[in-house]
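Contents: one structure, followed by commentary.
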Amino acid sequence: MDDTHISLEFCCRFRADGVIDTVSPEFGPLVPVGSNLFDAVVSADRERLLQAVTTPDAAGTRFDIRVRDERGHIGVFAVEVSFGTDDPAPTTAAPDPEGLASFVLLGQEVTDLRRVGAVLHAHREVLDQIATGAPIATGLDAVARMFEVVTPTSVVAVYLRRGDVLELAAAPLASAAFVQAAGRVEHEVGVPVPGTIEPIAGGLAATVDRTGLGFGWWRSVLDEDGDDVGRIVLLNPEKRFLTADERFLLDEASRLVSVASGTARAARRAFDADARDPLTGLLHRRAFLGVIAADVVGAVNDPALVVAMVRIAGLDSVNAQHGFDAGDAVLAATAEGLRRVVRTRDLLARWSDARFVIVGRDRGGPEALDGFARRVRAGATPRVVLGGTTVEPAIEVVVERRAPGVSIDDVLRSLEARRSSGSGGSVPSVVGSAGRPGSDAVPSRR
């Protein structure tokens, strides 16, 4: 931020050891004569001040320091240091008997300006997330960093609620110990009343106490429908009440997180509406190919991938004998079985009609791959009761291991060819660039 327009309204003279000799009335209540300037400046800003007084070339350079008064209130000041010795203020201490070098500090309080600037930056980041569809963490990091102006020694964390669990979404200043210990906590009793700021409770409070991370306050985040979507948490090294600035920022952060999470949720719903097969809830073919093309799951560069194609045998017969509702029930049951079989990072989609596709990390050697095909077949086989009759269609599974440099598109075409030629089953093979086991070169589809 450009501070050239800010006039420097207060001044003080201090010795090299930090003791203040003279001070103007405006700054006197904060750092009185005889106190130590370095002790009043928050630890994160002392290096900046020390560099200014030890580097002659830095004279006249404008920078910010945060100063804590006796009540613990943080003030932000735009300052510059000069190497003069003139007394800048009428209040003068006794001359320095040791003859230490003196420095003059000139500045003006900019606490409100910096706080507003931090809030505006967070607003811009959240709006940018909304406009570009960027990951929600970008906006939430800026929200957490709003507090740095007035709470430089505190840790601010943003949690989002996932069912009965609170997951850490942003904590840019948190230590690795905090992230590891409190990255995921149970949503339990002690939830703060909406609109209030209360001491943390439940599993998070126990974790903070056990790990010695300080004392915490939190505020609920509600969406536009009044549903609980997360928490803003502020951890202080010492147990104390929050300042008016901190309470204001907690309220502002709650509003921003509500907007950011609501937008992310709406985007996810829009994606699901456009990308999900309405019957099974899985990605449909076009969306699946789009995800692969965008490399969302790292599929393009992952050197160890397997692709499985799953087919419900006899689905046409089920439709003919029991009706299309019965066939839909079989498809939905198969999709649910596949969800239970695949791992979290596997990509699962409905390919077309009675076929599904799974893309995931290689499970190991040929035996492991064949075992995976057997587990898919066993887990996905549906058993549906239709009009008192139990229908259990057979499941066919073909699996290919992708060779280095081969596209997933080539593997899918190979699986299609194997199924069409009747050479199905679960026998694994490595697909070369020709889409044939062991072959070395064929162009991929353009």
Side-chain angles (χ1 to χ4, degrees), residues 135 268 271-272 274-277 279-312 331 334-335 337-377 379-380 395-446:
R268 188 164 56 249
F271 172 81
D272 287 346
D274 184 57
R276 300 284 176 182
D277 170 52
L279 175 62
T280 63
L282 304 180
L283 290 174
H284 54 58
R285 178 187 182 119
R286 178 170 54 83
F288 167 80
L289 293 174
V291 169
I292 292 296
D295 198 22
V296 172
V297 293
V300 172
N301 297 315
D302 197 323
L305 283 178
V306 294
V307 183
M309 184 167 286
V310 181
R311 176 177 173 269
I312 305 173
L331 282 165
T334 303
L338 288 171
R339 284 193 186 93
R340 292 193 293 267
V341 171
V342 302
R343 298 174 299 192
T344 303
R345 295 187 61 186
D346 290 345
L347 194 60
L348 173 62
R350 184 180 179 189
W351 187 243
S352 64
D353 299 328
R355 286 174 293 167
F356 303 84
V357 169
I358 302 169
V359 176
R361 294 277 299 180
D362 195 346
R363 268 75 175 172
E367 295 80 8
L369 196 61
D370 195 43
F372 168 63
R374 288 193 297 270
R375 288 195 302 276
V376 170
R377 184 184 301 106
I395 295 293
E396 298 176 355
V397 181
V398 287
V399 184
E400 300 280 9
R401 178 179 288 110
R402 187 183 67 164
V406 176
S407 71
I408 297 232
D409 188 51
D410 283 333
V411 182
L412 290 169
R413 287 192 292 123
S414 173
L415 292 172
E416 289 273 23
R418 285 176 57 188
R419 190 192 65 80
S420 300
S421 66
S423 59
S426 61
V427 180
S429 61
V430 177
V431 179
S433 57
R436 299 190 305 273
S439 90
D440 295 325
V442 169
S444 62
R445 188 176 64 194
R446 292 287 184 263

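Only heavy atoms go into these numbers, but all of them, side chains included; no hydrogens, no water, no symmetry mates. Heads up: numbering here begins at 1 and tracks the sequence.
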Please report the interatomic distance CG(D346) to CZ(R339), rounded to the nearest 0.5 Å. 14.0 Å
What's the shortest heavy-atom distance between V341 and R375, and which atoms? CG2-O, 3.9 Å
Measure the CD1-CG distance between I408 and L347 for me, rounded to the nearest 0.5 Å. 8.5 Å
Quick one: closest heavy-atom pair of A380 and L338, and the distance? CB-CD2, 3.5 Å
If you define the side chain from C-beta out and look only at heavy atoms, does anything of V359 sit under 4.5 Å from F288? yes
Testing R350, R355, R286 one by one against D277 for a salt bridge (charged side-chain N to carboxylate O under 4.0 Å, His left out), which residue passes? R350
Check step by step if side chain to side chain contact (heavy atoms under 4.5 Å, CB included) holds for L283 and R276. CA-CA 4 Å; L283 290 174; R276 300 284 176 182; 3.9 Å; yes
d(L282 CG, T334 OG1) to nearest 0.5 Å is 10.0 Å
All side-chain contact (heavy atoms from CB on, under 4.5 Å) counterparts of A354, not counting sequence neighbours: I312, L315
Closest heavy-atom pair and its distance - A308, L415: C-CD1, 4.3 Å
Assess the residue pair F356 and L331 against the criterion (side chain to side chain contact (heavy atoms under 4.5 Å, CB included)); give the C-alpha distance rounded to whole Å, side-chain angles, the decisive distance to 0.1 Å, and a yes or no. CA-CA 10 Å; F356 303 84; L331 282 165; 4.0 Å; yes
Do you know which two heavy atoms are closest between E400 and S414, and how far apart they sit? OE2-OG, 3.2 Å
Quick one: closest heavy-atom pair of V342 and I358, and the distance? CG1-CD1, 3.7 Å
Can you check whether I395 reaches R311 side chain to side chain, under 4.5 Å on heavy atoms? no
Measure across A373 and V399 and return the closest heavy-atom pair with its distance rounded to 0.1 Å. CB-CG2, 3.6 Å
